[in-house]
2 protein chains.
Amino acid sequence: MPRRAATAEKPMTRKRRDEVFDAAARVFAERGYHGASTQDIADLLGMRQASLYYYFHSKEAALEEVCARGTAGFIERAEAILKSDEDQGTKLHLLLAAQVMPMAEGADYVQTFLNERKWLPTESRRRIGRMSRRIEAIFERVIRDGIRAGEFRQEINPRLATLGLLGMMNSVAAWHDRESAGLEKIAEALSNLVIGGIRQPEGSNYGS
Amino acid sequence: MPRRAATAEKPMTRKRRDEVFDAAARVFAERGYHGASTQDIADLLGMRQASLYYYFHSKEAALEEVCARGTAGFIERAEAILKSDEDQGTKLHLLLAAQVMPMAEGADYVQTFLNERKWLPTESRRRIGRMSRRIEAIFERVIRDGIRAGEFRQEINPRLATLGLLGMMNSVAAWHDRESAGLEKIAEALSNLVIGGIRQPEGSNYGS
DNA sequence: ATTATTCTCTATAGAACTATAGAATGATTG
DNA sequence: CAATCATTCTATAGTTCTATAGAGAATAAT
């Protein structure tokens, strides 16, 4: 009886499997997909390089799995916020926070998804890309609704605002660990920054 | 007399040298430093892989040169804006635009600097990193001054705002070419977004 | 205890990549 | 023309990397 393919139902315990992908995520996040070797992953596990192929059938497949785990929950949480009956300002605030908070738990997975997904082979990149576009669509929806409701300013370009906001929030993954502030505080500060704006509104200048 | 080292004064014409680094920047930007081979660069030039080593003495050195070119002018322009006697709101607006506009000309250089500098060897990474920190310091200075002057809101955290704004503006490099809007329009939209805020100020709701 | 199953190991094929050495080509100048 | 210098070429050493094949160890099932 032949050994089961790595892609089929997994006889290996979830625990060990998770350790392997944790290591892969770690190494991909730290060195980048192309800069990471399967040897690096094996070293982290105290395992031989070739043994990894029991858990995935190619380095690319490992990247795909890590990226997929990196997006887990994002869409669901965003959809839930979209469907909630908060006002659009609150929804946007929640969306912004939801984009940042998962960087606490699965930091390596999220960072790999953000930075390395572009190296996936065309097919899986498309599949993963669909998730990004879904997130973008939800942001854009909330912004448009907010403008329509008179809650957000008319001049805002929903598409560019979406991409800018996501760019800002996703950049957090690259620097939050070097700052003293925790993710919660960062999410709060940035959300407040963009929703309220930097400029002091006219007439409410109680300084000087 | 031995051949001159690639790092010393360059006998080669500036023109050809620029073509070589343009190709390197292109390939680094497209495939990432580790994903790019010197063969890829040579292919783009219609040249043999080994011939490249007449222009640089290692792939790492090529990356360093490309990154250095990618930062050219940034500091100078930011310093000039800081020293100008505009109000802080205008300064911030100009800084934000200055962060985005160079992505038109040297797109490949800028993108390589932003995404690949982390793979530089420690020494040159430090050197390049100093430039980033200088830009950050200028942003932070303007924000603090704006708050002190009562021009910006007191609640803003200057450090986190700086990192968030730079994250947003730098993200433009990753997506502007897929959007119909030109860089000028993007810079304007994002700057207006963060300075004025998303939310419609109370009392000026002339909709509905 | 024997057998089956899961996991890890050794060994290695085969490909790709960086970098060096030195010859060949082409242009420029005396 | 001859000599010099700049640029590109051929050839290749030496390393690293992915992935496969199949043996062996460990664990669980009958």
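Quick note: numbers below take in every heavy atom, side chains included, and nothing from hydrogens, waters or symmetry partners. Below, chain A is the first sequence line, B the second, and so on; all start at residue 1.
Between Arg133(A) and Arg126(A) the shortest heavy-atom distance is NH2-O, 4.0 Å.
Per the geometry, CG belonging to Leu45(A) stands 10 Å off P belonging to dC9(C), to the nearest Å. Across the protein-nucleic acid pair, Tyr54(B) atom OH and dC5(D) atom P stand 12 Å apart, rounded to whole Å. Atom P of nucleotide dT16(D) and atom NZ of Lys59(A) are separated by 15 Å, given to the nearest angstrom. To the nearest angstrom, P of dA19(C) lies 11 Å from CG of Leu52(B). Following rounding to the nearest Å, Ile41(B) (CD1) and dA19(C) (P) show an atom-to-atom distance of 11 Å. Put simply, CG on Asp43(B) is 13 Å from C1' on dC17(C), counting in whole angstrom units. Residue Gln49(A) contributes atom CD, which lies 11 Å from atom P of dC9(C) at whole-angstrom precision. His34(B) places its NE2 atom 16 Å from the C1' atom of dA16(C), with the value rounded to the nearest Å.
With respect to the salt-bridge test (charged N to carboxylate O, under 4.0 angstrom), the residues Glu123(A) and Arg127(A) do not qualify. Electrostatic pairing of Lys15(A) and Asp18(A) does not count as a salt bridge here, judged by no charged N lying under 4.0 Å from a carboxylate O. The existence of a salt bridge linking Glu179(B) and Lys185(B) is excluded, since no basic side-chain nitrogen approaches an acidic carboxylate oxygen closer than 4.0 Å.
Within the 4.0 Å cut-off from OP1 or OP2 of dT18(D), at least one side-chain nitrogen or oxygen of Thr38(A) is found. Between Arg16(A) and dT8(C) there is a side-chain N or O to OP1 or OP2 distance below 4.0 Å. Checking the phosphate oxygens (OP1, OP2) of dC7(C), no side-chain nitrogen or oxygen of Ser51(A) falls inside 4.0 Å. Between Tyr55(B) and dT8(D) there is a side-chain N or O to OP1 or OP2 distance below 4.0 Å.
Taking for each of Glu60(A) and Arg48(B) the nucleotide of DNA chain D with the nearest heavy atom, the 5'-most of the two is the partner of Arg48(B).
Put simply, the side chain of Gln39(B) and the base of dA16(C) share no donor and acceptor less than 3.5 Å apart.
For the pair Arg77(A) and Phe74(A), the distance from NZ or CZ to the six-membered ring centre is under 6.0 Å and the angle to the ring normal is within 45 degrees.
Residue Ala36(A) is classed as a sugar-phosphate contact, given heavy-atom separations below 4.0 Å to backbone atoms only.
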